[in-house]
Amino acid sequence: MAKVIDSKIPAGPVPEKWKEYKAHQRLVNPKNKLKLDVIVVGTGLAGASAAASLGEMGFNVINLCIQDSPRRAHSIAAQGGINAAKCYQNDGDSVYRLFYDTVKGGDYRAREANVYRLAEVSNNIIDQCVAQGVPFAREYGGMLANRSFGGAQVSRTFYAKGQTGQQLLLGAYSSLSCQVQAGKVKLYTRYEMEDVVIVDGRARGIIAKNLVTGRLERFSANAVVIATGGYGNTYFLSTNAMGCNCTAAVQCYRKGAYFANPSYVQIHPTCIPVHGDKQSKLTLMSESLRNDGRIWVPKKIEDAKALQAGTKQGWEIPEEDRDYYLERRYPAFGNLVPRDVASRAAKERCDKGFGVNNTGLAVFLDFSESINRLGIDIIMQRYGNLFEMYEEITDVFPGDVANEINGVKYYKPMMIYPAIHYTMGGIWVDYELQTSIPGLFAIGECNFSDHGANRLGASALMQGLADGYFVLPYTIQNYLADQAVWPKVSTDLPEFAEAEKKVDAELDRLLNIKGKRSVDSIHKELGHIMWEYVGMGRTAEGLKTGLKKMHELEKEFDTNLFVPGTKEGLNIELDKAIHLRDFFTMGQLVAFDALSRNESCGGHFREEYQTEEGEAKRDDENYFYVGCWEYKGKGNEPELIKEPLEYEAIKVQTRNYKN
Ligand SMILES: Cc1cc2nc3c(=O)[nH]c(=O)nc-3n(C[C@H](O)[C@H](O)[C@H](O)COP(=O)(O)OP(=O)(O)OC[C@H]3O[C@@H](n4cnc5c(N)ncnc54)[C@H](O)[C@@H]3O)c2cc1C
C-alpha cells in the first residue's frame, strides 16, 4: 500500500484553516515549560528567532551553530529586503495579494494553506523587528520605505540599504542574547551537528562535533529543531556562504526524514559572472537593483561579437541598438519578472550568441536611465553599498559616466549572469513544521515549505522569521504538550552511544582513505557535473549522465580522498570532507527528483517540456504534488512518496507575466 503523509492541514478554506488551527491548539502549561528542553540547530534568521522566542516563552533551549558567533550565520548575506503586506504605499496590496503572488511565483507547487499563514504573519515580522530596533529605510516623513521585488506589481519589500539580512540578524541576535543572559538559552558556537538520535521512533537528541577540540558530544532534549539552511553549495559555485552545507539535513534524511522537492533549486539572474576556474564563490548583485536597473544585450550580433572580443564597450552602443529583452517579452512585469523567468531569458540570449563579455555568458544591468532621471545621489542612497561591492570585485563603478550620445549620458553598466542561489526543496514538514520523524522539526531554508518551485525575492527572510518568531514556537507546543509527562532521556542510552560510534567511525574512514585528491578538487568536479547536467536546463538523458558521473566521482571520493591532520583539534579539511560526503547524497537526490518530474515548473526546467515561446510547461494532471523522498541506503534509489496538493482559494493556471 502506498504510504500516506499526514500534513496535518486543518479542514476548511483558507484563511479559516489557520484560525481553526489556533482555536484547537494545545499550549504547554507555563510550569511544564521549565521541564522541557529543545535543541535548536542553527543561528541564522530562522534558528536565532526560534531559539530566542522559545527561550522567552520559558522553554530551556540548547542552540548550536558552526560559526564563532550567531551573527556570522549565512543570513547576514541577505541584501535586498523582506516582504510584508502592510500596504504602506496604498498600492492595493493585501494579505491575499501577497499570498496569491507567492503561490503564483512558486508556479503553483506550494502548499496553499502554509502560504496563506505566511502572508498573514508577514506584517507581525515587521512590527517585531522595528521593536527590536532594526533600522529599516524610511521615507522623508518617517514612514518605513518600500521597494519592489520580482513577481509583484506592488511595493512591499522593507529594506535596510543592501544589508537587510545583517540588520535583521542583529535584531534577532539581540533577542537571543537577552535569553542567553536570562539563562534560558545555552549557546554552543563552533559546534556542528553530525547526527540526530532517535529513541523509540522520536528525535531525542543529537551528536555534535566541537569544531575546536574535535571531540564528539551528546545532547538530549524533548524535541530537536533544525534550522541549518539550504543545499546550494552542492553546486560548488553559488552565492551561498562558504560554510553553508547540508550535513544536518542529509543526516536527518538518512535517519528517515523525508526530503521534499529537491529539484527545486533557484538560479538567481543577477550575479557577477564566473571569471576563470580558480573561483570558489560567486557574488550576488541584489534583485533590488532591478527596480532601477534595466537588463539588456545588443540587438545586433556584430555588436555582441565586438563586446566579446573587447573591441567595443557597452556604453558605445546607442539606445536604439539595445534589446531590453525582459521589457520586450514581459511588458507587464518588465525587469521585475520572477527569478526563474529572468534567468532563463538571460540564458536564451547568451545561447543565441548575444552575451556581452569574453565568455559570452553575461548580460548588462544598466543604471543610465535611472541616474539620468533621479540623479546619482538618490541611486547611491538606494544601492550605494552594492555599487561599491561591484567595484571592489570588478574594478568598474556603475555610477561612472562613460559616454554621451546625442546628449544622453551613458553610465558603465554592470555585467551579470545567473548563478545558484537558493534551494526551495528541503526536509519535508507538515503544517506544524514537524518532519516525518516525530519530535524533529525543520524551519527556514532547510525545510521545503512555502516557495513551491520558485521563491520570490525577499520571501526567504519572511519565511525564516515567520517560522522562527510566529509559527514554530506555537506549533511545537502541540508536540511538547505530551512530552512534559515523559522522563528526560539520558545521553547514556545505547541509541546515543551507537550514533556517536557511527559518526566517529565515519571520521576515521575519511581520514584513512589517504588518497591523492583534496576535498575542493572533488567538490569542484561535482559542481561542474551539477551545473552541466542538473542546472538551468535539464533533460532526461543529461540527468542520467549526471547521475552516472556523480556515482563515479563518489567512488573516487571514497577511494582517493586526502584529508590531512587528525580528528583531534581543529581540522577544517575533515569538516569539509563530511560536508562533501553529504553533497554527494544531495546532488543525486536533486537529479533523481528532476528525472522523476517530467514537466517544467519554476526553477526546474526540463528542456523537453517547454512551450513554443520557451516558457516552462507544467503538467498538473500528473505532477501536482510535493515529491517526498525516503532514503533507502547508499547506492540505492530513494523511494518517491507523493503528497497531493489541494487548492481551494486560488485557481491553478499558467503563469503569465506578459499582461
Ligand atoms: C547573497 C544572498 C542574498 C540574499 N538576499 C536575500 C534577500 O534580500 N531577501 C530574502 O528574503 N532572502 C535573501 N537571501 C536568502 C536568505 O538569506 C536565506 O534563505 C536565509 O537567510 C536562510 O536563513 P536560515 O536561518 O534558514 O539559514 P542560514 O542563515 O543559512 O543559517 C544556518 C545556520 O545553521 C548553522 N548550521 C548549519 N549546519 C549546521 C550543523 N550541521 N550543525 C550546527 N549548525 C549548523 C549555521 O551555523 C547557521 O547558524 C539571500 C541569500 C544570499 C546568498
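What you see is a predicted model; the values in this text were computed from it and never measured. In listed order, ligands and their atoms are each counted from 1.
- Every residue was checked against the ring pair (Phe, Tyr, Trp, His ring centres under 6.0 Å) condition with Tyr235, not counting sequence neighbours, and none meets it.
- The protein residues lying under 4.0 angstrom from ligand 1, judged by non-hydrogen atoms, are Val41, Gly42, Thr43, Gly44, Leu45, Ala46, Leu64, Cys65, Ile66, Gln67, Ala73, His74, Ser75, Ala77, Ala78, Gln79, Gly80, Gly81, Tyr191, Glu192, Met193, Ala227, Thr228, Gly229, Thr239, Asn240, Asn245, Ala248, Leu284, His421, Tyr422, Gly444, Glu445, Arg455, Ala458, Ser459, Ala460, Leu461.
- A cation-pi arrangement, defined by a distance under 6.0 Å to the six-membered ring centre and an angle within 45 degrees of its axis, is absent between Lys161 and Tyr159.
- Aromatic ring orientation, Trp428 versus Phe448: parallel (interplanar angle below 30°, classes split at 30° and 60°).
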Check your understanding: Going through the distances and angles, do Ser220 and Thr491 end up as a side chain to side chain donor-acceptor pair (under 3.5 Å)?
Key -> CA-CA 6 Å; Ser220 83; Thr491 54; 5.9 Å; no
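- For residues 118-127, the pairs satisfying salt bridge (Lys or Arg N to Asp or Glu O under 4.0 Å) are Lys86-Asp127, with sequence neighbours left out.
- Scored by the ring pair (Phe, Tyr, Trp, His ring centres under 6.0 Å) test, Tyr173 finds no partners at all (sequence neighbours excluded).
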